[in-house]
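Okay, structure first, notes after.
Quick note on labels: first sequence line is chain A, next is B, and so on, each numbered from 1. Atom set for the values below is all heavy atoms of this structure, side chains included, hydrogens, waters and symmetry mates excluded.
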Protein chains: 2
Amino acid sequence: MTKPIAPARAKPSHKVPKPEAGYHHGELQEALIAASEAILAEHGAEGFTLREAARRAGVSPAAPSHHFGNAQGLLTEVAIRGYAALADALREAASRKQDAREKLLAQGLAYVEFALKHPGRFQMMFANKRLVADDPRLGQASRAAGREFEIIIAELVGGTPRQAKTAAAAAWSTVHGFAKLALEDKFGSVNSEAGYREIMARLNHVLNYLWPASSARR
Amino acid sequence: MTKPIAPARAKPSHKVPKPEAGYHHGELQEALIAASEAILAEHGAEGFTLREAARRAGVSPAAPSHHFGNAQGLLTEVAIRGYAALADALREAASRKQDAREKLLAQGLAYVEFALKHPGRFQMMFANKRLVADDPRLGQASRAAGREFEIIIAELVGGTPRQAKTAAAAAWSTVHGFAKLALEDKFGSVNSEAGYREIMARLNHVLNYLWPASSARR
DNA sequence: CCCTCAATCTGAACAGTGTCAAGTTACGCA
DNA sequence: TGCGTAACTTGACACTGTTCAGATTGAGGG
């Protein structure tokens with residue numbers, strides 16, 4: 001070691017009038033979250049390390065505990081934002097279609113696309129043991145994403161609330177299971193562009209098979 | 001330290017004519033696999049530790065590497081057996097029914113039941129990054145389990161092989177997604193007997209909804 | 001201006017992990 | 001009896017997450 005550790009964090013000694021000045025201020029949270037998301041994107045859910053996140057944010061390994069308590073706390077924050085992003089993607093996909101069934105199909109494709117394009121984040125969102133599972137904000141974010149499905153389902157099948165709930169659970173299970181199996185390479189490798197396209201084509205067949213065009217089917 | 005480590009392993013010094021005698025012989029593999037399965041059952045997939053498995057088998061932490069290379073190797077062996085057990089459960093469930101559709105429903109219930117009753121093992125089976133993902137025996141065991149679905153599907157829908165493959169992927173996705181979501185508490189707690197029954201009832205509704213009684217639906 | 005105070009972050013430590021190289025033990029066989 | 005080899009241990013290394021005492025910082029009040 002030529003130098004002890006070399007924090008490498010830019011330390012603006014001259015004052016800047018507005019915020020953004022020295023120390024980490026309230027920005028360390030954001031920096032840690034961003035670092036965590038980068039790690040998840042690069043190395044997947046199993047590759048996450050609290051120390052590495054701290055390293056990327058330019059702080060000591062003990063710093064995160066002050067803001068998030070522990071690693072689970074930080075990951076919970078990441079998961080909450082992940083659910084928000086997922087809900088956005090589902091809403092956005094549905095908004096592009098007119099027909100209710102096409103909205104649902106678009107949501108199914110968007111769900112799997114989200115999982116395949118952000119595998120680390122997606123896996124972490126559903127790794128309850130690595131999160132603060134009873135954080136109310138986490139449950140809320142998760143349910144908000146699920147509600148995007150229920151909205152379209154209600155529009156599509158009508159029926160009693162119980163039927164809608166069953167249909168929503170069915171839809172969610174299908175796309176979630178497909179995404180999980182695809183991520184574990186059960187449908188072939190997902191790492192090539194060709195493989196990705198093939199898997200999405202397969203998903204299309206599956207969704208059309210399970211949700212046939214005959215709209216209302218009691 | 002009063003005693004160095006106290007291996008606690010019964011060391012039969014008198015010879016037994018046949019195998020089963022002193023040392024660990026070929027039994028350490030089995031002991032390690034059994035220990036690993038016990039850990040998975042007690043503490044889930046995240047609770048597994050190679051050192052703890054070695055501890056339970058009464059050997060040093062480095063011993064497993066001689067038989068399995070590394071932790072992934074040991075877990076791969078566990079996963080392979082898990083897939084075999086899953087295939088057995090699926091075959092057994094189908095064998096109890098006459099009608100093809102009832103066979104499929106029974107398999108779906110059996111799949112989720114397997115996941116909920118052995119969560120640690122199930123999660124590990126689908127944690128590719130913790131296994132030797134390219135072990136041919138693992139892929140073979142996984143495909144053998146999937147084939148149990150395909151057999152019944154072919155009996156049910158007939159059609160081209162491509163249609164059968166789509167239908168099998170659809171069925172597998174549905175039950176796998178439901179199981180995964182249930183294990184992450186998305187359908188309520190699974191830890192009580194009441195919660196378990198409620199979830200299985202919900203599964204029944206979902207499967208009847210997605211696989212309606214009208215047999216052939218192109 | 002200075003002084004206190006709380007928030008923020010560091011440094012060092014601890015227990016625990018997987019893996020490796022080298023040494024030791026026990027077995028089977030000649 | 002001796003010997004080679006497989007099975008296992010020992011000790012070490014580089015990591016990990018978390019804790020705790022203390023240093024540093026920025027802000028607010030006198």
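Taking a cutoff of 4.0 Å between a charged side-chain nitrogen and a carboxylate oxygen, A:Glu148 and A:Lys103 do not qualify as a salt bridge. In summary, B:Arg197 and B:Glu193 engage in a salt bridge, as defined by a charged side-chain N under 4.0 Å from a carboxylate O. One finds a salt bridge joining A:Arg137 and A:Glu77 here, because a Lys/Arg side-chain nitrogen approaches an Asp/Glu carboxylate oxygen to under 4.0 Å. Taking a cutoff of 4.0 Å between a charged side-chain nitrogen and a carboxylate oxygen, B:Arg55 and B:Glu52 qualify as a salt bridge.
Rounded to whole Å, atom C1' of D:dG17 lies 14 Å from atom CD1 of A:Ile39. Distance B:Leu131 CG to C:dG18 C1': 16 Å, rounded to the nearest Å. Atom CD of A:Glu27 and atom P of D:dT25 are 17 Å apart (whole Å). Taking atom CZ of B:Phe68 as the reference point, atom C1' of D:dC8 lies 14 Å away to the nearest angstrom. Following rounding to the nearest Å, A:Gln29 (CD) and C:dA7 (P) show an atom-to-atom distance of 13 Å. Between B:Arg55 atom CZ and D:dT9 atom P the separation is 13 Å, expressed in whole Å. The NE2 atom of B:His43 sits 11 Å away from the P atom of C:dT17 (whole-angstrom rounding). As a whole-Å value, the separation of B:Asn70 CG from C:dA21 P is 13 Å.
In this structure, of C:dT19, C:dC9, D:dT9, it is C:dC9 that holds the atom nearest to the side chain of A:His67. Of the candidates C:dT8, C:dC20, D:dC8, the closest approach to any side-chain atom of B:Ala62 belongs to C:dC20.
No side-chain donor from either of A:Lys129 and A:Gln72 sits under 3.5 Å from a side-chain acceptor of the other.
Under the 30°/60° scheme for interplanar angles, the aromatic rings of B:Tyr111 and B:Phe149 are found to be tilted. Classified by interplanar angle (parallel below 30°, tilted 30° to 60°, perpendicular above 60°), the ring pair B:Phe187/B:Phe178 is tilted.
When each of A:Ala63 and B:Ser65 is assigned the nucleotide of DNA chain C bearing its nearest heavy atom, the one mapping closer to the 5' terminus is A:Ala63.
Contact annotation for B:Ala71: backbone-only contact, meaning every heavy-atom pair under 4.0 Å involves sugar-phosphate atoms and none involves a base.
Within residues 45-53 of chain B, the residues that place at least one heavy atom under 4.0 Å from DNA chain C are, in residue-number order, B:Thr49, B:Leu50, B:Arg51.
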